[in-house]
Amino acid sequence: MSGMEGEGLFDGLDAVEVDGGLWSPGVDYLAGWREARVAADRLNRVLLAAGFQLSELRASASTTGDGCGVVRLAGWPTVVERLARCLELAARNPGGGAA
């Protein structure tokens, strides 16, 4: 996804890593990471469309120790607070045009 590389705060967030740093033989970590990457890319596109900057708030892909994909959301606290306000408004208006 464009606009995500070399963003300083988020350098390396999309690296294929296993939580805890231990790799187990025979576990397909890449399959879980790929699935998480698709979901993270989708969320990042939505964040961009909502006016957020990926240098301030971004979803990233990772895996658990057993190879399950994980999407993490990282950002500056003030920007995360802004996202929380947006989600609170959306929760109060569930029929407000969301797909």
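Note: hydrogens, waters and symmetry copies are ignored here, and every other heavy atom, side chains too, is used. Since this is a predicted model, take the numbers as computed values, not measurements.
- Minimum heavy-atom separation, Ala39 to Val71: CB-CG2, 3.9 Å.
- At a threshold of 4.5 Å between side-chain heavy atoms, the hydrophobic network of Ile, Leu, Val, Met, Phe, Trp and Tyr places Leu83 and Val46 in two separate groups.
- Using a 4.5 Å heavy-atom threshold, the side chains of Phe52 and Cys86 count as touching.
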Evaluate side-chain contact (heavy atoms from CB on, under 4.5 Å) for Val80 paired with Thr78, printing each intermediate quantity in order.
-> CA-CA 5 Å; Val80 173; Thr78 55; over 6 Å; no
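- Between Trp33 and Thr63, the shortest heavy-atom distance links the atoms N-CG2, 3.4 Å.
- Rounded to the nearest 0.5 angstrom, Leu57 CG and Glu81 CD are separated by 12.0 Å.
- For the pair Tyr29 (side chain) and Gly65 (backbone), a donor-acceptor distance under 3.5 Å is present.
- The hydrophobic cluster containing Leu87 also contains Leu47, counting ILVMFWY residues as joined when their side-chain heavy atoms lie under 4.5 angstrom apart, directly or transitively.
- Using a distance-only test at 3.5 Å, with no hydrogens or angles considered, a donor-acceptor pair links the side chain of Thr64 to the main chain of Cys68.
- No donor-acceptor pair closer than 3.5 Å links the side chain of Asn44 to the backbone N or O of Arg58.
- Salt-bridge check for Arg37 with Asp41: passed, with a basic side-chain N closer than 4.0 Å to an acidic carboxylate O.
- For Ser62 against Ala36, the heavy-atom pair with the smallest separation is O-CB, 3.8 Å.
- The two residues Ala59 and Leu73 come nearest to each other via the heavy atoms N-CD1, 3.9 Å.
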